Amino acid sequence: MSQTAPIGIFDSGVGGLSILREISNLLPEEKFIYLADSAHCPYGIKPVAQIRERTLEVTQFLSELGVKIIIVACNSACVAGLDQVRTLFADIPVIGVEPALKPAHNLTRNGKIGVLATNLTLKGERFSTLIKKYGTGVTVFTQAAPGLVELVEAGAIDGYQTENLLRQYLEPLLAKAIDTLVLGCTHYPFLSPAIKKICGPEVLLLDTGKAVAKQTARVLEEKKLRGDQPNGQNLFYTTGPISTVTPVIRKLLASPNIEVLAASV
Ligand code: DGL
(Lines give C-alpha, C1' and ligand atoms only; values in the text may rest on other atoms or scores of the structure.)
Protein backbone atom coordinates (compact mmCIF):
# COMPACT_ATOMS: atom_id res chain seq x y z
CA MET A 1 0.00 0.00 0.00
CA SER A 2 1.45 3.34 -1.00
CA GLN A 3 1.34 6.69 0.75
CA THR A 4 0.46 8.39 -2.52
CA ALA A 5 -2.62 6.21 -3.11
CA PRO A 6 -5.98 7.96 -2.78
CA ILE A 7 -8.48 7.74 0.06
CA GLY A 8 -11.60 5.82 -1.04
CA ILE A 9 -14.90 7.12 0.25
CA PHE A 10 -18.49 6.27 -0.55
CA ASP A 11 -22.10 6.89 0.34
CA SER A 12 -25.50 6.00 -1.06
CA GLY A 13 -25.23 9.34 -2.86
CA VAL A 14 -23.75 12.77 -2.27
CA GLY A 15 -24.05 12.78 1.55
CA GLY A 16 -20.55 11.42 2.11
CA LEU A 17 -19.20 14.61 0.53
CA SER A 18 -19.80 16.21 3.94
CA ILE A 19 -17.21 13.77 5.29
CA LEU A 20 -14.86 14.21 2.32
CA ARG A 21 -14.98 17.99 2.88
CA GLU A 22 -13.87 17.60 6.52
CA ILE A 23 -11.10 15.11 5.73
CA SER A 24 -9.87 17.29 2.92
CA ASN A 25 -9.83 20.36 5.21
CA LEU A 26 -7.80 18.50 7.80
CA LEU A 27 -5.57 16.63 5.34
CA PRO A 28 -5.11 18.87 2.28
CA GLU A 29 -2.26 16.72 1.04
CA GLU A 30 -4.59 13.73 0.45
CA LYS A 31 -6.46 12.92 -2.73
CA PHE A 32 -9.76 11.09 -2.94
CA ILE A 33 -11.81 8.71 -4.99
CA TYR A 34 -15.45 9.34 -4.13
CA LEU A 35 -18.27 7.07 -5.19
CA ALA A 36 -21.90 8.17 -5.01
CA ASP A 37 -24.07 5.06 -5.34
CA SER A 38 -26.85 7.27 -6.64
CA ALA A 39 -28.57 4.50 -8.62
CA HIS A 40 -29.36 2.79 -5.31
CA CYS A 41 -30.07 5.85 -3.18
CA PRO A 42 -31.61 6.06 -0.61
CA TYR A 43 -30.21 3.06 1.25
CA GLY A 44 -32.12 3.75 4.47
CA ILE A 45 -35.48 2.44 3.29
CA LYS A 46 -34.19 -0.79 1.71
CA PRO A 47 -33.80 -4.25 3.25
CA VAL A 48 -30.59 -4.62 5.26
CA ALA A 49 -29.37 -7.57 3.17
CA GLN A 50 -29.66 -5.52 -0.01
CA ILE A 51 -27.70 -2.60 1.43
CA ARG A 52 -25.07 -4.96 2.79
CA GLU A 53 -24.59 -6.43 -0.68
CA ARG A 54 -24.25 -2.95 -2.22
CA THR A 55 -21.83 -1.90 0.51
CA LEU A 56 -19.59 -4.86 -0.28
CA GLU A 57 -19.81 -4.35 -4.07
CA VAL A 58 -18.96 -0.68 -3.78
CA THR A 59 -16.05 -1.42 -1.42
CA GLN A 60 -14.77 -3.95 -3.94
CA PHE A 61 -14.96 -1.29 -6.68
CA LEU A 62 -12.90 1.17 -4.61
CA SER A 63 -10.38 -1.44 -3.53
CA GLU A 64 -9.78 -2.39 -7.18
CA LEU A 65 -8.92 1.26 -7.84
CA GLY A 66 -6.07 0.92 -5.34
CA VAL A 67 -7.26 3.10 -2.46
CA LYS A 68 -5.17 3.04 0.73
CA ILE A 69 -8.09 3.38 3.15
CA ILE A 70 -11.87 3.14 2.84
CA ILE A 71 -14.29 5.54 4.51
CA VAL A 72 -17.83 4.19 4.69
CA ALA A 73 -19.37 7.67 4.80
CA CYS A 74 -22.92 6.47 5.23
CA ASN A 75 -24.62 5.61 8.52
CA SER A 76 -27.07 3.26 6.80
CA ALA A 77 -24.27 1.34 5.05
CA CYS A 78 -22.40 1.07 8.36
CA VAL A 79 -25.48 -0.36 10.07
CA ALA A 80 -25.96 -2.87 7.26
CA GLY A 81 -22.42 -3.96 6.49
CA LEU A 82 -19.48 -2.28 8.25
CA ASP A 83 -18.50 -5.47 10.10
CA GLN A 84 -18.60 -7.50 6.89
CA VAL A 85 -16.53 -4.88 5.05
CA ARG A 86 -13.89 -5.08 7.79
CA THR A 87 -13.84 -8.87 7.65
CA LEU A 88 -13.75 -9.22 3.87
CA PHE A 89 -11.31 -6.37 3.20
CA ALA A 90 -9.02 -7.05 6.12
CA ASP A 91 -5.93 -5.74 4.31
CA ILE A 92 -7.34 -2.21 3.89
CA PRO A 93 -8.05 0.04 6.88
CA VAL A 94 -11.77 0.82 7.03
CA ILE A 95 -13.38 3.72 8.88
CA GLY A 96 -17.11 3.97 9.51
CA VAL A 97 -19.43 6.68 10.76
CA GLU A 98 -21.95 6.80 13.58
CA PRO A 99 -24.31 9.45 14.98
CA ALA A 100 -22.45 11.86 17.28
CA LEU A 101 -24.09 10.75 20.53
CA LYS A 102 -20.87 10.73 22.50
CA PRO A 103 -20.14 14.46 22.00
CA ALA A 104 -23.86 15.21 22.40
CA HIS A 105 -23.79 13.50 25.80
CA ASN A 106 -20.82 15.65 26.81
CA LEU A 107 -22.09 18.93 25.40
CA THR A 108 -25.80 19.03 26.20
CA ARG A 109 -26.64 21.58 28.88
CA ASN A 110 -30.18 20.49 29.72
CA GLY A 111 -29.79 16.75 29.05
CA LYS A 112 -32.24 16.72 26.13
CA ILE A 113 -30.79 15.46 22.87
CA GLY A 114 -32.52 15.06 19.53
CA VAL A 115 -31.30 12.65 16.85
CA LEU A 116 -32.31 13.01 13.23
CA ALA A 117 -31.41 9.98 11.09
CA THR A 118 -32.73 7.45 8.61
CA ASN A 119 -35.09 4.72 9.75
CA LEU A 120 -32.45 2.08 9.26
CA THR A 121 -29.88 3.90 11.40
CA LEU A 122 -32.33 4.41 14.27
CA LYS A 123 -33.48 0.78 14.20
CA GLY A 124 -29.98 -0.72 13.94
CA GLU A 125 -28.00 -2.47 16.63
CA ARG A 126 -25.18 0.09 16.35
CA PHE A 127 -27.60 2.80 17.46
CA SER A 128 -28.94 0.73 20.42
CA THR A 129 -25.34 0.20 21.51
CA LEU A 130 -24.69 3.96 21.29
CA ILE A 131 -27.80 4.66 23.38
CA LYS A 132 -26.67 2.14 26.00
CA LYS A 133 -23.28 3.83 26.16
CA TYR A 134 -24.19 7.51 25.93
CA GLY A 135 -27.90 7.64 26.74
CA THR A 136 -27.51 7.49 30.51
CA GLY A 137 -28.29 10.63 32.48
CA VAL A 138 -29.76 12.29 29.39
CA THR A 139 -32.96 11.88 27.39
CA VAL A 140 -32.59 11.07 23.71
CA PHE A 141 -35.48 11.83 21.35
CA THR A 142 -35.18 10.23 17.93
CA GLN A 143 -36.79 11.31 14.70
CA ALA A 144 -36.63 9.40 11.42
CA ALA A 145 -36.56 11.81 8.50
CA PRO A 146 -37.57 10.15 5.23
CA GLY A 147 -37.34 12.43 2.22
CA LEU A 148 -34.42 14.59 3.37
CA VAL A 149 -31.82 12.44 1.63
CA GLU A 150 -33.74 12.76 -1.65
CA LEU A 151 -33.87 16.55 -1.31
CA VAL A 152 -30.10 16.78 -0.79
CA GLU A 153 -29.62 14.41 -3.74
CA ALA A 154 -31.57 16.90 -5.84
CA GLY A 155 -29.41 19.77 -4.54
CA ALA A 156 -32.45 21.25 -2.76
CA ILE A 157 -30.64 22.26 0.42
CA ASP A 158 -32.79 25.31 1.01
CA GLY A 159 -36.13 26.71 -0.13
CA TYR A 160 -39.74 26.26 0.80
CA GLN A 161 -40.13 22.51 0.22
CA THR A 162 -37.00 21.64 2.19
CA GLU A 163 -37.82 23.94 5.10
CA ASN A 164 -41.35 22.60 5.20
CA LEU A 165 -40.22 18.98 5.52
CA LEU A 166 -37.53 19.95 8.04
CA ARG A 167 -40.11 21.75 10.17
CA GLN A 168 -42.24 18.60 10.22
CA TYR A 169 -39.32 16.64 11.70
CA LEU A 170 -37.82 19.32 13.91
CA GLU A 171 -40.91 20.75 15.56
CA PRO A 172 -41.65 17.59 17.62
CA LEU A 173 -38.02 17.62 18.83
CA LEU A 174 -38.11 21.33 19.63
CA ALA A 175 -41.35 20.73 21.56
CA LYS A 176 -39.30 18.44 23.82
CA ALA A 177 -36.93 21.38 24.47
CA ILE A 178 -33.83 19.68 23.01
CA ASP A 179 -30.70 21.84 23.23
CA THR A 180 -28.52 19.52 21.11
CA LEU A 181 -29.35 17.96 17.76
CA VAL A 182 -27.35 15.09 16.30
CA LEU A 183 -27.36 14.96 12.51
CA GLY A 184 -27.21 11.18 12.18
CA CYS A 185 -26.98 10.99 8.41
CA THR A 186 -24.09 12.29 6.33
CA HIS A 187 -26.49 14.11 3.98
CA TYR A 188 -27.83 16.36 6.75
CA PRO A 189 -24.81 18.67 7.33
CA PHE A 190 -25.67 20.17 3.93
CA LEU A 191 -29.01 21.17 5.48
CA SER A 192 -27.37 22.83 8.50
CA PRO A 193 -28.18 26.44 7.47
CA ALA A 194 -31.86 25.53 6.96
CA ILE A 195 -31.92 23.52 10.21
CA LYS A 196 -30.30 26.41 12.13
CA LYS A 197 -32.91 28.77 10.77
CA ILE A 198 -35.66 26.58 12.25
CA CYS A 199 -33.96 25.57 15.52
CA GLY A 200 -32.43 28.94 16.37
CA PRO A 201 -29.03 29.67 17.87
CA GLU A 202 -29.69 27.87 21.16
CA VAL A 203 -29.67 24.39 19.65
CA LEU A 204 -26.23 22.91 19.09
CA LEU A 205 -25.92 20.92 15.85
CA LEU A 206 -23.50 18.00 15.85
CA ASP A 207 -22.29 15.81 13.02
CA THR A 208 -19.45 13.33 12.75
CA GLY A 209 -17.40 14.86 9.94
CA LYS A 210 -14.61 16.34 12.07
CA ALA A 211 -14.31 13.25 14.26
CA VAL A 212 -14.06 11.00 11.18
CA ALA A 213 -11.41 13.30 9.72
CA LYS A 214 -9.34 13.09 12.91
CA GLN A 215 -9.74 9.32 13.02
CA THR A 216 -8.64 9.10 9.37
CA ALA A 217 -5.54 11.17 10.16
CA ARG A 218 -4.75 8.93 13.14
CA VAL A 219 -5.11 5.70 11.18
CA LEU A 220 -3.07 6.96 8.20
CA GLU A 221 -0.36 8.14 10.60
CA GLU A 222 -0.30 4.84 12.44
CA LYS A 223 -0.05 2.84 9.19
CA LYS A 224 2.53 5.28 7.77
CA LEU A 225 0.16 6.07 4.91
CA ARG A 226 -0.11 9.87 5.24
CA GLY A 227 0.14 11.53 1.84
CA ASP A 228 2.42 14.51 1.31
CA GLN A 229 1.43 15.88 -2.09
CA PRO A 230 -1.03 18.78 -1.96
CA ASN A 231 -3.27 19.61 -4.94
CA GLY A 232 -3.67 16.00 -6.08
CA GLN A 233 -6.46 15.16 -8.49
CA ASN A 234 -9.65 13.85 -6.88
CA LEU A 235 -11.89 11.47 -8.81
CA PHE A 236 -15.67 11.41 -8.49
CA TYR A 237 -17.77 8.46 -9.63
CA THR A 238 -21.48 7.81 -9.62
CA THR A 239 -23.68 4.86 -10.46
CA GLY A 240 -26.47 7.32 -11.32
CA PRO A 241 -27.04 9.67 -14.24
CA ILE A 242 -23.92 11.84 -14.68
CA SER A 243 -25.90 14.84 -15.92
CA THR A 244 -27.99 14.90 -12.71
CA VAL A 245 -25.27 14.08 -10.21
CA THR A 246 -22.54 16.39 -11.55
CA PRO A 247 -24.26 19.73 -10.83
CA VAL A 248 -25.19 18.59 -7.32
CA ILE A 249 -21.63 17.52 -6.46
CA ARG A 250 -20.34 20.82 -7.88
CA LYS A 251 -22.87 22.76 -5.81
CA LEU A 252 -22.29 20.91 -2.53
CA LEU A 253 -18.52 21.22 -2.78
CA ALA A 254 -18.70 24.73 -4.28
CA SER A 255 -16.36 23.53 -7.00
CA PRO A 256 -17.63 24.26 -10.50
CA ASN A 257 -15.00 22.29 -12.42
CA ILE A 258 -15.56 18.83 -10.96
CA GLU A 259 -16.12 16.13 -13.57
CA VAL A 260 -18.00 13.01 -12.56
CA LEU A 261 -17.33 9.60 -14.08
CA ALA A 262 -19.65 6.64 -14.57
CA ALA A 263 -19.01 3.76 -12.19
CA SER A 264 -19.79 0.30 -13.48
CA VAL A 265 -20.61 -1.37 -10.22
N1 DGL B 1 -25.83 9.46 3.92
C2 DGL B 1 -26.53 8.25 4.33
C3 DGL B 1 -26.43 8.06 5.83
O4 DGL B 1 -25.56 8.63 6.45
C5 DGL B 1 -27.89 8.27 3.74
C6 DGL B 1 -28.55 6.97 3.84
C7 DGL B 1 -29.57 6.68 2.81
O8 DGL B 1 -29.25 6.65 1.63
O9 DGL B 1 -30.68 6.44 3.24
O10 DGL B 1 -27.18 7.32 6.42
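Order of appearance sets the numbers: ligands from 1, and atoms from 1 within every ligand. For clarity, every value in this text was computed on a predicted model and none was experimentally measured. Computed over heavy atoms, backbone and side chain alike; hydrogens, waters and symmetry mates excluded. Numbers here simply count residues along the sequence, with the first being 1.
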Problem set entry | From Ser2 atom OG to Lys224 atom NZ, the distance as rounded to the nearest 0.5 Å | 15.5 Å
Problem set entry | Residue pair Thr186 / Ser18, side-chain donor-acceptor N/O under 3.5 Å | no
What pairs of donor and acceptor atoms, side-chain ones from residues 252-265 against any protein atom, are under 3.5 angstrom apart with sequence neighbours left out?
residue: Glu259; atom: OE2; partner: Arg250; partner atom: NH2; Å: 3.4

Please tabulate, one pair per line, all N/O donor-acceptor pairs under 3.5 Å involving side-chain atoms of residues 86-105, not counting sequence neighbours.
residue: Arg86; atom: NE; partner: Val94; partner atom: O; Å: 3.4
residue: Arg86; atom: NH2; partner: Val94; partner atom: O; Å: 3.0
residue: Thr87; atom: OG1; partner: Asp83; partner atom: O; Å: 2.8
residue: His105; atom: NE2; partner: Thr136; partner atom: O; Å: 2.9

Exercise. Does one side chain, of Thr239 or Ser38, offer a donor that lies under 3.5 Å from an acceptor on the other?
Worked result: no
Show every donor-acceptor pair shorter than 3.5 Å between a side-chain atom in residues 5-15 and any protein atom, with sequence neighbours excluded, or say none if there are none.
residue: Asp11; atom: OD2; partner: Gly13; partner atom: N; Å: 3.1
residue: Asp11; atom: OD2; partner: Gly15; partner atom: N; Å: 2.9
residue: Asp11; atom: OD2; partner: Gly16; partner atom: N; Å: 3.2

Exercise. At a 4.0 angstrom heavy-atom cut-off, what protein residues surround ligand 1?
Worked result: Asp11, Ser12, Pro42, Tyr43, Gly44, Cys74, Asn75, Ser76, Thr118, Val149, Cys185, Thr186, His187
